[in-house]
Amino acid sequence: GITIIGKGEIGDKARQLSEKTPKLRDIGFYTPKRHVLAEGYFDDFFKENYVGKTLRDTERTENLEEDIRNGNLSRKQLEILEDIINSYNKEPLAVRSSAAGDARGTGTYKSIFCANNAEAAMKAVFNVLASYFSKDAVAFRKDAKTGEGFGIMIEPITGQVVDDTDGCCFFGPVISGFGYTSTSKG
């Protein structure tokens, strides 16, 4: 149920879901397919956008988060992202962070719900990636001694379209964040 793209760290949330998804399915829980962009997926992004060498070898600068949000994917990276989003049959997407030690830092990194199209997904990926370099995230990793490393999960949001009396449509999520929880005792 989880496809990992790239090498390197995928984060605790993605790792735990990868380990637990088969068990959850065996006992009858619905779990959607997921994709995880491992930190190595972004190596070319950092180099080609002149923001650093790799995720771990990028120094935080005043404009780093903005530079990441305004970056561009390589043709290969964009094709991979398009293949991912096309596999979800137009379902809205959740683009979520997954970092080393994130079981202790829920809310430190961004998670974004977006439309299922390349532009929206790419913007969401850049915003989630930029959140790794926020002042709060850097301080959290230092204070919690979590170590470095990051991945981004992409998964569908299961729900339904609801029409209101004025003819407007809204999407009502039914399931999101499937089967992940943590406690301070592991």
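Atom CG of N70 is separated from atom CD of E65 by 12.0 Å, given to the nearest 0.5 angstrom. How far CD of E9 is from CZ of R15: 4.5 Å, rounded to the nearest 0.5 Å. Interatomic distance, K145 NZ to D143 CG, rounded to the nearest 0.5 Å: 8.0 Å. Remark: T31 OG1 to K20 NZ distance equals 13.5 Å, nearest 0.5 Å. Taking CD1 from I2 and CG from L17, the interatomic distance works out to 5.0 Å, rounded to the nearest 0.5 Å. Here the OG-CG distance, from S74 to N49, works out to 9.5 Å after rounding to the nearest 0.5 Å.
Distance alone, capped at 3.5 Å, places no donor-acceptor pair between the N63 side chain and the E66 backbone. Between the side chain of N116 and the backbone N or O of E91 there is at least one donor-acceptor pair closer than 3.5 Å. Counting only distance, with no hydrogens or angles, the side chain of S98 and the backbone of I10 share a donor-acceptor pair below 3.5 Å. The backbone N or O of M153 lies less than 3.5 Å from no partner atom in the side chain of R34, so there is not a single donor-acceptor pair. A donor-acceptor pair is defined here as one N or O able to donate and one able to accept, closer than 3.5 Å; such a pair exists between the side chain of N117 and the backbone of E119. In terms of modelled atom types and a separation under 3.5 Å, the side chain of S134 and the main chain of S131 share a donor-acceptor contact. Side chain of S18 to main chain of A14: no donor-acceptor pair is present (N/O by atom type, distance under 3.5 Å, no hydrogens or angles). With hydrogens and angles disregarded, no donor-acceptor distance shorter than 3.5 Å links the side chain of Y41 to the backbone of I4.
For E59 against L64, the heavy-atom pair with the smallest separation is O-CD2, 3.5 Å. Shortest non-hydrogen contact noted between T54 and F46 is C-CD1, 3.9 Å. Between A115 and A120 the shortest heavy-atom distance is O-CB, 3.6 Å. Here the closest heavy-atom approach between residue R96 and residue V128 is recorded as C-CG1, 4.0 Å. Between A124 and C114, the shortest heavy-atom distance links the atoms CB-SG, 4.1 Å. V95 and I152 get closest at one heavy-atom pair: CG1-CG2, 3.6 Å.
Within 6.0 Å of NZ on K33 lie more than 12 heavy atoms contributed by other residues, nucleotides or ligands.
Between Y109 and F150, the distance separating the two ring centers is shorter than 6.0 angstrom.
Checked against E148 for a salt bridge (charged side-chain N to carboxylate O under 4.0 Å, His left out), the options R56, K142, R141 give a single hit: R141. Among L93, V36, T3, the single residue meeting the side-chain contact (heavy atoms from CB on, under 4.5 Å) criterion with I154 is L93. For the side-chain contact (heavy atoms from CB on, under 4.5 Å) criterion with I68, the lone passing option out of F133, F42, Y132 is F133. Here the options are E82, Q77, K76, the test is side-chain contact (heavy atoms from CB on, under 4.5 Å), and the partner is I80; only K76 passes.
Contact check on R75 versus E79 returns a salt bridge, with a Lys/Arg side-chain nitrogen under 4.0 Å from an Asp/Glu carboxylate oxygen. Salt bridge status for K23 with D26: absent, with no side-chain N to carboxylate O gap under 4.0 Å.
Here the side chains of Y88 and H35 are in contact, with some heavy-atom distance below 4.5 Å. Within the 4.5 Å cutoff, the side chain of V125 has no heavy atoms near those of the L73 side chain. The shortest distance between side-chain heavy atoms of R69 and K123 does not fall below 4.5 Å.
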| request: Could you go through the side-chain contact (heavy atoms from CB on, under 4.5 Å) check for L81 and M122 one step at a time? | output: CA-CA 8 Å; L81 185 59; M122 187 168 57; 4.0 Å; yes

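Neither V138 nor L55 shares a network with the other; the hydrophobic side chains, linked directly or stepwise wherever heavy atoms of I, L, V, M, F, W or Y lie under 4.5 Å apart, form separate groups for each.
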